[in-house]
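Numbers here are sequence positions counted from 1.
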Amino acid sequence: MVLTKSKRKAKRALEVVKEIVEERLKLTLHPEKTVITNFGEGFVFLGFEFIAWKYKRPRKKALKAFKDKVRKVTRRNQPWDVGFIIRELNPKIIAGETTLVTEM
């Protein structure tokens, strides 16, 4: 991610980054993921949607995956005791908290 003050500077920055990535690192930029956008319109980066100037939120896909993991452990028809459920759930909540909350 590169932030600039103008679209012209953003285009120049993209040229420089592309040159470094392709010539020195022998990699290619993904054409659908490499975009020049206005920060006010928002964008997706590393699983987060950055909206306008104020906040970011987890992508719907990331939030759904987190909820699915929690639901799998907390199904009511499972014959597990509460201690086992807590031991299984804690790492998932901590990992989800790290990716969904603390980076916000």
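- Note on residues 3-24: no pairs pass ring pair (Phe, Tyr, Trp, His ring centres under 6.0 Å), not counting sequence neighbours.
- Both W80 and L89 belong to a common hydrophobic cluster when Ile, Leu, Val, Met, Phe, Trp and Tyr are linked at side-chain heavy-atom distances under 4.5 angstrom.
- The salt bridge (charged side-chain N to carboxylate O under 4.0 Å, His left out) search around D68 returns K64, R71, not counting sequence neighbours.
- Note that OG1 of T74 and CD of E88 are 12.0 Å apart. Values are rounded to the nearest 0.5 Å.
- Atoms CZ and CD1, from R75 and I85 in turn, are 11.0 Å apart once rounded to the nearest 0.5 Å.
- Not counting sequence neighbours, the partners of R8 by the side-chain contact (heavy atoms from CB on, under 4.5 Å) test are S6.
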Side-chain polar contacts of residues 11-31 - donor-acceptor pairs under 3.5 angstrom, sequence neighbours left out - could you list them?
from: R12; atom 1: NH1; to: E15; atom 2: OE1; distance (Å): 3.2
from: K26; atom 1: NZ; to: E23; atom 2: O; distance (Å): 2.9
from: H30; atom 1: ND1; to: E32; atom 2: N; distance (Å): 3.1
from: H30; atom 1: ND1; to: K33; atom 2: N; distance (Å): 3.4

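- Apart from V82 itself, the hydrophobic cluster it occupies contains I86, where clustering links Ile, Leu, Val, Met, Phe, Trp and Tyr at side-chain heavy-atom distances under 4.5 Å.
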